[in-house]
Every structure is written in C-alpha cells, then in structure tokens.
Amino acid sequence: MTFLAPGWLLAAAAAMAGVVALHFLARQRPARLQFPTARFVPDQPVTAPSPARRPTDLLLLALRLLVVALIGLALAQPVRDQGRRIDIVLLDRSRLAPEPDSALTARLRRADSVVEFGAAPSHGRGSLSAALVAGFRAAAGLASPGDSVTLAIVSPFRSESFDEATLVLRSRWTGRIELVPVASLEGRPREAAQLPADDPLSATLVLIADSVSARLRRESPSPEDTAWARSGGTLVSWPRDLEQRDSSLGLSTSDIAVVARFARGVPPDSGTPLALWLDGSPAATELPLGDGCVRSVTVPVPDHGDLPLRPSFVRFAAAMLAPCGGDSNPAPAAQSLLDSLRGAANLSSHHVTGRGGEEDRPFDPGLLLVAGVLYAVEPLVRRWTGGR
Amino acid sequence: MSFHSLLDALAGLAWPSRRLARTGAAGLHPSRLRGMTAEFTEYRLYRQGDDPRRLDWKLLARTDRAYLRITDDHALRTTHLVLDGSASMAFPGERLGKWRQACRLAVGLAAVARGGGDPVGLVLVVEGSPVRLAPRARPGTLGEIVRAVERATPGGSPHLAAGLDGIRAGSRVVLVSDFLGEVGPLLRRAAALAAEGGEVYAVHVIADAEADPDARPALAVDPEDPRIARVLHPGVRAGYIAAFAGWRQALATRFRTAGIEYYEVRDTSDTAAAIRRIVRPE
C-alpha cells in the first residue's frame, strides 16, 4: 500500500495529537444524577476546568481519533500496488531530436506505448504540451483501475518545446516523469545573411545579426536556395527592387506595428500571411516547402531615412528572418523548467486515467464516507457518555 | 416486594395509644370515659344524678355511705397511613430504596394497628388524585393495603397535605414521607389533627446516599424540579451534608413543637426495628 499524497498522513497525525490533548484539557462535565436533595448542594458553576491525569471519555476519544485518521487516509489517497505497471514513452521527433540509438531503441521496444511528438508539419518544434496531452490519452487508453503508469519523455528539452500550457498540463500528473535527455541536433540549416553595405537593409541586419538564421535573398532565389529551403532552412525572398503600386501608412504582424509611409509593391499571391498592410492586404507570406519554408516579403525598404533603424522595423525584420513557424529558441531549457517537468513525487500516478468520464478525485471516497458516518454518530456517543 | 418476613417479625406487637381515645367502639385503647368494665380504679361519693347501678352495695352495707365504683374504659383508635408517592421517593436509582422502605413501614404499621383491632386505612398520595382505602377492621384490609402499595409507582409532585383531607379528629395519622415537598400546609393540617386529640406521627424516610453521598463528582438534579441542578463534588460535599442535616433538625423541631412525633428511618435500616421504635418508644 502506498499513498499519493502522504503529507496528509502527517497532518492527520498532528490533528490526532491535538484531539488527545483536548481530551486532557477539556472542561469536565460531571455525570448527571437524579438527586432529590439537590437543593441542599451549594450553588456553584456546573462545569469546572480539570486537567485530568488521563484522557476522559475514552470511547469518545477513540471515535474522534478514528474519524481524523480516516479523513487523513482518505486525503492521502492510498493506492494498492497490485496492478500492472504500464510504461509510456513520449518520443521527441522534432528537428532538434536525433534518431534513437540502440539503447534507446531497446528501451522503446520494452515500452507499452511510444507516442511521437514534434514531427512535421509543426515545423518540428516538439511541443511538450502536445506530448503530455498525448501521453495522458495513451495512459487512459491502456491502464485499468489499480494499474501504475510511468511516463518518460525522450527529448533534447529545448526552450522552444515549452509553452505556457506545459507546466499547467504537467500539474495534472501527480507522479514523477522520467526525463531522458538526448543530444540536440543543429536544427535547421542556418545561414548568416550578408548584404552589401549600400543595401538599406544591411543596417537592420547589423542590429539583429545574432538572431538571424534565415537565408535572405534580395533578388530572385536560385534553385540551390530552393533546395536549401526543402532541407529545413528558412528562405526569405525580400526583393530590393519592387514594382511600386501605391502607398500605405504602415503594416503590422501579430504583435508588431510599423508606422511609416511605405510605397507598396505587388503583394505575394500565395502563402500564409505573416504581415498585413493597413488595408488588410498581405505584406509578407510564408509557404511551407519540404522541411523548411519560403517567405515572401514585399515591403520596400527606402534607401534614405531612418526606417531601417527604427525599433519597430528592426523587430519586424527579425520576425521576417526568424525560422519557419515563428520565433523559436533552440537554447536548452532552464534547469528549473526541467525540475518542474520532472516533479518530486516518488510514485507513478495512475489516477489520471479517469474511466468513463469519472473525475479525478483528490481523496478516497470510501474512506471519507466512513469518516462521515462516524462523525454523524459522534453526538450520540457524546450524549450517551455524558462527555463534552 | 415481599412482606412476609416483616409481618412475621411484627407478630404480637401492640401499638398502645399515646392519648386517651374518644368515645367509640370498644377497643384496646384507654378511653376518656369511665365505663362499666371490671378494671376498678377508685371509689367516689355518690352524687345526685349518678347511675345507681354503679353503687358499691357491699361498701354501703359496711360503711352506711354511698360510694360509686369507678373503672377505666377502652376504645378503638382509627389509624390512617398517609404514604408519599412523589418522584423524590424513587431514589436511589433502580433500587428505589426510599420507596421500598416507605412501603414496608406503611404495611408494617398497618399490620400492627390491625393486630390491635383498630381500623386501618391507607392514603396513597400520588400524581393526580390520592388513592384512598377507607379504614376497615375486616380481615382482608391488610391484603388490600399490600396490593395498593405494590401497584403504585412514585412520580410527579403531589401535595402531601391533600392526603389529610377527610381524616376525622381523634384518629391516628402516620405520615410516611421524605418531606421534600411543601411542608408548611402539611404541618398546619397535621398540627390541627394533633390539637384535636389525634395522634400524628411523621416518619421521615432518608436514603443513605442522601445523608452521605458518593464522593465522585456528579451533576445533582432534583427529579421534581429539573431547574435545580447543582454540581456535587468533594469540595461541596461537607457543606451539603451540613445543610441537609440542619434542615432535618429544623424539620424535627417544627414537627415536635406542633405535637407531632418525628422519627427518621434510613432506607437501609431494619424495618421491623424501626416500627418497634415507633410504636413503643423507650
């Protein structure tokens, strides 16, 4: 027998000690006695504090201790270790995750279920949130009441794998998760964009050089560029010379707005819009290509003026030159994130399985019911024993 | 309850009257009147109007003087037993020591009175109307009294004074009670009966547990008035004993001052010995 929340046992023990102490210190109400000559007894308070040498009302004390113990046991969620042990492995198949080696392959063969996450077309970012959800579903499908389920995640554990929902989902799993880190691959093909000095965009590149991982072409891309994009790279076609149609006072992405007078070019005819002019027509689009993508940016950069150096335009340029699928951070995840993901419990959880729409309860209902019945009986016992 | 052993212990016991009986049927008790019995007491000179049949002719022949022969007469003394059936008599606990002792005293005294030829009746003061058995001298009277007390159960708070209603002057009245109810009206009525020539006895039944309560703390509640609830614990035990003894002493003084004979009988005392003490005080 083990407990999912053993801390409640300590709390119950402390409460039981308190109950025993109260029975030592409780005001003693003497037994009621029919006494015809009671009128001759000097009139004094009916109760008086009496620190007894041993607890009074032993039956009542035992009943109260039992109620507290049962509540503590119910909240501690006892688990019988009699079921199967099910091993589920969440395997990162993102662009940064390598192929499993022989040892890992053997481990995967032993597992009851292997759930892959992070493969294209999600641009291979390996979302741990999606992995956890898939893992929970696999556990619900495989485990029966009484079984124990272990979760293991095989991944390079990069920052880009974490999002705001990851730790929230993690909290639904009360057990410990085994983290199996693997060496991260280089990721996408990266290339430091270089432009001639007279190119107005070169000034912008200087400011964002560390975060640029795309191949920037100011003229038409070549077949080699296309092949490079197919292999997973990000190809950005940002012509310098654009046929200008009209003008616009600004453009915006999902979180960046650039206010300036632009001479608009012909908008791209395909792809997912990444940026829009004020009238809603696309200013930049992205089209998946193999393992990578091709971005078309039809935003003329004036040769004169300070637009290339404005902070809003610099952020816009960084977004246009980010890897496919948006910003990503292939840096290793912080240790605190990994510790939170791993958890501190010693037990693998099985109550997340949830059969037939059943809610996960943070207590054992049977023990709580018995405690409730005994609590309801306590006033009767108290009246019968004449205790307090 | 079995009264056989008690009645056997009281066999042959007489209960002489403390006072002269009124004129009535012939009995064992000295009468106020001088009668024609053989019990000679004195001579008296003949006065005009005296019954000439009472002249002592032999003395007249010897002395040539007319003397009347005076003798004592005897009459019956009707006895009324008034038994308190209030809730306070149902103590202690399930043993009902006070009630049982009171019943035994009533039956025993009735047997002694009946043995002397006196009519004896019972007034059982219980909740509601008192149960009255009219004084009778017939053989089955004692059995009726025994059945009446066996059927009764103490309870409620009846007024003991109501049991004295309808009792004629000159009777013998025995009050068997713990006197924890209203004593004033009872005392006045009983004193009136005593002043009218009757004999009134107050037999105060006390439980040992009342006179010397247990040392364990308890919440003492008056069964006839639950509002009275006092904690009886070792700290107040001495005060309680003194108060209760003082009250009994005062009660005894009041009864005796009113011409009523007062006796205390514990619930564990030998009933026959107590009855002997009552009927033949030393």
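A, B, ... follow the sequence lines: proteins, then strands. Residue 1 opens every chain.
A:Thr166 pairs with exactly one of A:Ser129, A:Ser340, A:Ser127, A:Ser161 by the side chain to side chain donor-acceptor pair (under 3.5 Å) rule, that one being A:Ser129.
The backbone N or O of B:Gly235 sits less than 3.5 Å from a side-chain atom of B:His233, completing a donor-acceptor pair. Between the B:Arg230 side chain and the A:Arg39 main chain, a donor and an acceptor come within less than 3.5 Å of each other.
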Where do A:Asp87 and A:Arg110 land on the salt bridge (charged side-chain N to carboxylate O under 4.0 Å, His left out) test, with the steps shown first? CA-CA 8 Å; A:Asp87 186 30; A:Arg110 290 195 301 270; over 6 Å; no
Check the pair A:Leu337, A:Phe157 against side-chain contact (heavy atoms from CB on, under 4.5 Å), reporting the backbone distance first and the verdict last. CA-CA 9 Å; A:Leu337 280 177; A:Phe157 296 109; over 6 Å; no
For the pair B:Asp267 and B:Lys98, evaluate salt bridge (charged side-chain N to carboxylate O under 4.0 Å, His left out) and give the outcome as yes or no after the intermediate values. CA-CA 5 Å; B:Asp267 62 336; B:Lys98 284 168 60 178; over 6 Å; no
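Summarising the geometry of A:Val41 relative to B:Val231, their closest heavy-atom pair is CG1-O, 3.5 Å, with the distance given to 0.1 Å. Across A:Phe40 and B:Leu180, no two heavy atoms sit closer than the pair CE1-CD2, 4.1 Å. Among all heavy-atom pairs drawn from A:Ile88 and A:Ala138, the shortest one is CD1-C, 3.8 Å.
The stretch residues 243-258 of chain B places B:Ala243, B:Phe244, B:Trp247 near chain A, each with some heavy atom under 4.5 Å from a heavy atom of that chain. Scanning residues 81-97 of chain B against chain A with a 4.5 Å heavy-atom cutoff picks out B:Ser88, B:Phe91, ordered by number.
With a threshold of 4.5 angstrom between heavy atoms, B:Glu210 approaches chain A through its backbone and through its side chain.
Two rings, from B:Tyr240 and A:Phe35, have their centers less than 6.0 Å apart.
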